[in-house]
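These notes concern the structure reproduced below.
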Amino acid sequence: MALPALQAQDQFAAPVLKAANPPAKCLVTARPHLAVVVIGCRAPASIVGSVRSLSAQGVPLEMLVVNSGGGNAKALLSHAGVDVPVIEIAQQVFVGAARNIGIAATTAPFVGFLADDCLACPGWAEARIRRHLAGAATVSSAISNSHPRNAFACAAYLALFARRLPGLPAELALRYGVSFDRRLFEEYGLFDESMRVAEDTEFLKRLPRELEPVWEPEVRTIHRNETRLHGLLLDQYRRGYRSGAYYIGTSAAKPFRLARATFRDRRQIRKLARIGLSGSELACARRSMPIVWLALLAKSVGLYFGAHRHLRKMRRLQDDY
């Protein structure tokens, strides 16, 4: 049953891989500067495209797949003709734990990460390595839309990544999708393995200001966005729900105030789209704005209920003590 899904994901990844057109020998003739840990959950078929997008980068990379929660990522990749090291973890772990396992199992001086629902655009690795070798300890990335002509995908793209659009200036960009100098983990510790979301935010807060990630829009990651309304709204609700638990634990704001602030973000998203996008992508973004509002509403509702539930849980624990 995995083969049809695998073929569908390969069709989506094909334009990225074709555009890369890497030299055949470069992956084996030099010592990699950059290790990339591909993080999978339950061995989805999409992980094949993720790994292939890295193989097509045209620069030496130390690649590793860390898959948790079941499935057989090694068999899936082997069946597709992709030969990379794979670490399988029977139980599902949070992303922080998968990151740490990948850090421990690789040796290249710089370490990056790629989720199983993402692809690395051509130049993704080269631009990272260039900035690291120039002295940057941390390098962030921009996000590109997987389906720039689909209104629902455009809405998902803007609801999730309005502050990581490729055309944004550094002062407006959020610095995520970060690769790191390995020595930072020796000095500042590893990622928190207990956090369901925002483990990267927590780690970045430990770094001094001078180690803030540089904004490098030439490093572009394609996120596979939802292309149907039902999937979009369900995904946004779930993301909001997970975020609610995090925000209520790190902020004094009430659940309703958190939800309201999220929905109000729609005004800023329109402005960011005008700055960070152009041409046909900007035109599609403008058409998708009513759907963006629906997506933010679903996310806000999810955030409210996630925050409310976590707040009640915290109060019960306090009462027990």
Side-chain angles (χ1 to χ4, degrees), residues 4-17 19 41-42 44-50 53 114-121 141-168 173-174 176-177 197 217 220-244 259-306:
L6 175 57
Q7 292 169 358
Q9 292 295 351
D10 281 350
Q11 290 171 6
F12 166 67
V16 176
L17 304 180
C41 181
R42 303 189 185 98
S46 60
I47 203 169
V48 174
S50 302
S53 73
L114 189 68
D116 61 25
D117 61 351
C118 293
L119 298 171
C121 288
S141 61
I143 295 289
S144 292
N145 188 2
S146 59
H147 300 82
R149 297 181 180 179
N150 181 289
F152 301 116
C154 286
Y157 178 50
L158 293 172
L160 290 172
F161 303 115
R163 288 168 178 80
R164 292 179 64 189
L165 302 179
L168 291 179
L174 281 181
Y176 286 104
V197 297
R220 298 191 184 188
T221 300
I222 295 177
H223 181 265
R224 291 178 171 94
N225 294 312
E226 296 288 344
T227 58
R228 297 183 179 182
L229 180 60
H230 177 266
L232 166 64
L233 298 181
L234 183 60
D235 180 66
Q236 289 295 314
Y237 177 87
R238 288 172 173 169
R239 288 176 182 273
Y241 191 91
R242 292 193 297 267
S243 298
R260 184 176 59 184
T262 297
F263 187 63
R264 283 180 172 173
D265 206 29
R266 67 193 187 278
R267 301 168 185 170
Q268 190 69 14
I269 286 175
R270 184 187 293 272
K271 296 177 183 177
L272 292 169
R274 288 199 296 263
I275 298 169
L277 297 175
S278 60
S280 60
E281 283 200 83
L282 177 57
C284 186
R286 284 171 170 161
R287 292 194 301 270
S288 71
M289 281 301 163
I291 309 173
V292 172
W293 298 345
L294 286 176
L296 290 177
L297 179 60
K299 186 176 182 180
S300 300
V301 172
L303 194 150
Y304 172 81
F305 283 110

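- Inter-residue side-chain proximity for Phe152 and Ile291 is flagged as met; some heavy-atom pair is nearer than 4.5 Å.
- Atom CZ of Phe263 has more than 12 neighbouring heavy atoms from other residues, nucleotides or ligands inside a 6.0 Å radius.
- Taken to the nearest 0.5 Å, the CG atom of Leu160 stands 4.5 Å off from the CD atom of Gln236.
- In this view, Tyr304 and His308 satisfy the ring-ring contact (aromatic ring centres under 6.0 Å, His included) rule, not counting sequence neighbours.
- With a 4.5 Å cut-off on side-chain heavy atoms, Ile222 and Asn145 do not count as touching.
- Here the straight-line distance linking atom CZ of Arg242 with atom NZ of Lys299 works out to 10.0 Å at 0.5 Å rounding.
- In this structure, Arg274 and Arg286 have side chains that are in contact, with non-hydrogen atoms separated by less than 4.5 Å.
- Residues satisfying the side-chain hydrogen bond (donor to acceptor under 3.5 Å, both in side chains) criterion with Tyr237, sequence neighbours excluded, are absent altogether.
- Ring centers of Phe161 and His223: under 6.0 Å apart, within the cut-off.
- Rounded to the nearest 0.5 Å, atoms CZ (Arg270) and CH2 (Trp293) are 5.0 Å apart.
- Looking at Ser300, its side chain never comes within 3.5 Å of a backbone N or O of Arg260 through a donor-acceptor pair.
- Between Ile47 atom CD1 and Leu114 atom CG the span is 9.0 Å, to the nearest 0.5 Å.
- Listed for the Ser53 side chain is no donor-acceptor partner under 3.5 Å among the backbone atoms of Leu119.
- Here the CG-CG distance, from Leu158 to Leu165, works out to 6.5 Å after rounding to the nearest 0.5 Å.
- Checking side-chain atoms of Ser46 against main-chain N and O of Asp117 turns up no donor-acceptor pair under 3.5 Å.
- In the displayed structure, Arg238 atom CZ is contacted under 6.0 Å by at most 12 heavy atoms of other residues, nucleotides or ligands.
- Atoms CG and CG, on Leu277 and Leu168 in that order, are 8.0 Å from each other to the nearest 0.5 Å.
- When every heavy atom of Ala273 is checked against every heavy atom of Ala285, the shortest pair comes out as CB-CB, 4.4 Å.
- The salt bridge (charged side-chain N to carboxylate O under 4.0 Å, His left out) pairs that include a residue from residues 151-167 are Arg163-Asp265, where partners are two or more places apart or lie in different chains.
- Between Pro166 and Ser144, some side-chain heavy-atom pair lies under the 4.5 Å cut-off.
- His147 and Asn225 share no donor-acceptor pair across their side chains, judged by distance under 3.5 Å alone.
- Taking both residues in full, the closest heavy atoms of Pro148 and Cys154 are given as O-SG, 3.3 Å, listed atom of the first, atom of the second, then distance.
- Across all non-hydrogen atoms, the minimal contact from Ser50 to Cys118 is OG-O, 2.7 Å.
- Between the side chain of Thr221 and the backbone N or O of Ala120, no donor-acceptor pair lies under 3.5 Å.
- Asp116 contributes no side-chain N or O that, together with a main-chain N or O of Pro44, makes up a donor-acceptor pair within less than 3.5 Å.
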